[in-house]
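The next block holds one structure in the form of structure tokens; read it before the comments.
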Amino acid sequence: MLQDPSFALPYWNFAIGGNRCDICTDDLMGARSSFDLNGISPNSIFSQWRVICESVEDYDTLGTICNNTETSPIRRNPAGNVARPMVQRLPEPKDVADCLEVNMFDTPPFYSTSTESFRNSIEGYSHPQGTYDPVVRSLHNLAHLFLNGTGGQTHLSPNDPIFVLLHTFTDAIFDEWLRRHPESAVYPLENAPIGHNREYNMVPFWPPVTNVEMFVTAPENLGYSYEADWPARPITLTEIISITVVSALIVVAVIFSITTCAVRSKASRMEGRQPLLGEQYQRYDDHDRHAVKTQSVV
Ligand SMILES: O=C1C=c2cc(C(=O)O)[nH]c2=CC1=O
């Protein structure tokens, strides 16, 4: 993209479970301040990073527009939302594996209420496996809400530099999904919310670019690829049962074959040692030989 091989897009793999923000350290995105639960440590370069475009009421009620004035420092209290325990933990690796298995890219109404939709699953309005549930927050949304501060409020979140890392990881998951589902990667042609149909331009980019033009993998589209290890899909109960049954059948078949071979080889060894005529057959004894001679004379 830039013709600069040293340029890279870093990402934050937020699907690590637990209640610890692993990149919230002073050498990365800033540790928690010891003086202020919601603040960033003074040892971080981000401690005085300030928010712009915070006066949302003014924009709504007075019709003013953001003029880039800096206001308060960014706030962050990872895992600290005591009123909402559900957002005190980061997504699990399994959640990424599950959402990569969702087959359809999107389903009507192509909205935050869509079910069995990869788009809604990665966005985080449904269970990672695809089922829509109004109380659930997962993946991208959960990572935002976990940050619990500037990064957790939709109109402010880009002010926290973690935003970029959270979104490059979300994009990497989308890219992996496109790679795995080439045949079901179908972007909605119509009936999507305003501006989101396949051939509509993505607002506010200039020069104009349509949604479908961006619906291709990063290497094809922009000339970069993500270096990521994806969690393996966990084995389902049905698969465990099938594997157990097949393994048991293989063991029985092997035991049966070994036993049959052993019995046959023993039988053939015994046969080799037996007289040609068994005890039940009459033998030539002196009397018989005599009888034969007598008969031949007659
Ligand atoms: O910055 C964001 C904050 C969000 C909060 C939710 C939610 O599901 O409540 N979703 C969000 C997306 C954001 O981009």
Side-chain angles (χ1 to χ4, degrees), residues 9-17 19 21 23-24 29-30 38-40 46 49-57 59-60 66 70-92 95-96 98-99 102 106-107 109-175 177 192-196 202-205 211 214:
L9 291 173
Y11 63 78
W12 173 35
N13 177 359
F14 53 69
I16 54 170
N19 59 6
C21 171
I23 57 168
C24 297
M29 308 314 285
N38 295 290
I40 293 179
F46 298 118
W49 194 283
R50 287 180 182 274
V51 170
I52 56 163
C53 303
E54 200 167 15
S55 316
V56 80
E57 288 81 22
Y59 315 139
D60 280 352
C66 170
E70 290 185 346
T71 49
S72 54
I74 56 172
R75 319 291 285 158
R76 203 190 288 153
N77 180 4
N81 191 340
V82 283
R84 224 173 149 185
M86 210 191 79
V87 302
Q88 289 178 342
R89 288 182 67 83
L90 282 168
E92 298 286 338
D95 299 341
V96 173
D98 283 340
C99 93
V102 177
D106 209 354
T107 55
F110 311 115
Y111 197 57
S112 56
T113 50
S114 290
T115 195
E116 312 311 330
S117 148
F118 165 75
R119 197 255 325 133
N120 212 28
S121 303
I122 179 61
E123 192 159 357
Y125 285 112
S126 63
H127 287 283
Q129 301 86 340
T131 314
Y132 169 66
D133 182 338
V135 299
V136 159
R137 287 295 183 273
S138 64
L139 293 160
H140 154 268
N141 279 345
L142 180 53
H144 270 291
L145 295 171
F146 173 84
L147 294 176
N148 189 31
T150 309
Q153 295 165 270
T154 309
H155 65 290
L156 295 180
S157 57
N159 284 285
D160 185 330
I162 290 186
F163 180 93
V164 175
L165 309 185
L166 189 163
H167 276 265
T168 40
F169 186 61
T170 306
D171 190 47
I173 299 172
F174 167 58
D175 206 60
W177 184 90
I194 188 161
H196 292 270
M202 295 174 83
V203 177
F205 301 115
N211 290 303
M214 286 290 135

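In each ligand, atom 1 is the first atom listed, and ligand 1 is the first ligand listed.
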Item to complete: Measure the distance from atom 12 (C) of ligand 1 to every protein heavy atom, then report the residue, atom name and distance (to 0.1 Å) of the closest one.
Response: Asn141 OD1, 3.6 Å
Worksheet item: Which residue supplies the protein heavy atom nearest to atom 14 (O) of ligand 1, what is that atom called, and how far is it?
Response: His144 NE2, 3.2 Å
Discussion item. So which atom in Ser117 and which in Val102 form the shortest heavy-atom distance, rounded to 0.1 Å?
Written reply: C-CG1, 3.8 Å
Worksheet entry | ligand 1 versus Leu145: contacting region, heavy-atom distance under 4.0 Å | side chain
Discussion item. Classify the ring geometry of Phe14 against Phe169: parallel below 30°, tilted from 30° to 60°, perpendicular beyond 60°.
Written reply: perpendicular
Worksheet item: Does ligand 1 have any atom sitting under 4.0 Å from a heavy atom of His140?
Response: yes
Fill in: Distance filter under 4.0 Å to Gly152 heavy atoms, resulting ligand 1 atoms
3 (C), 4 (C), 5 (C)
Worksheet item: How does Arg137 reach ligand 1, by side chain, by backbone, by both or by neither, if only non-hydrogen atoms under 4.0 Å count?
Response: side chain
Item to complete: Classify the ring geometry between His140 and His167 as parallel (under 30°), tilted (30 to 60°) or perpendicular (over 60°).
Response: perpendicular
Discussion item. Looking at every non-hydrogen atom in both residues, tell me the closest pair between Gln129 and Asp98 and how far apart they are.
Written reply: NE2-OD2, 3.4 Å
Worksheet item: Quick one: nearest non-hydrogen protein atom to atom 4 (C) of ligand 1, plus distance?
Response: Thr154 OG1, 3.4 Å
Practice prompt. Sequence neighbours left out, what pairs pass salt bridge (Lys or Arg N to Asp or Glu O under 4.0 Å) with at least one residue falling in residues 142-170?
Written response: Arg76-Asp160
Discussion item. Which residue and atom name correspond to the protein heavy atom nearest atom 1 (O) of ligand 1, and how close is it?
Written reply: Ser157 OG, 2.6 Å
Practice prompt. Look only at the side chain of Asn159 and the backbone of Ile52, and say whether a donor-acceptor pair between them is shorter than 3.5 Å.
Written response: yes
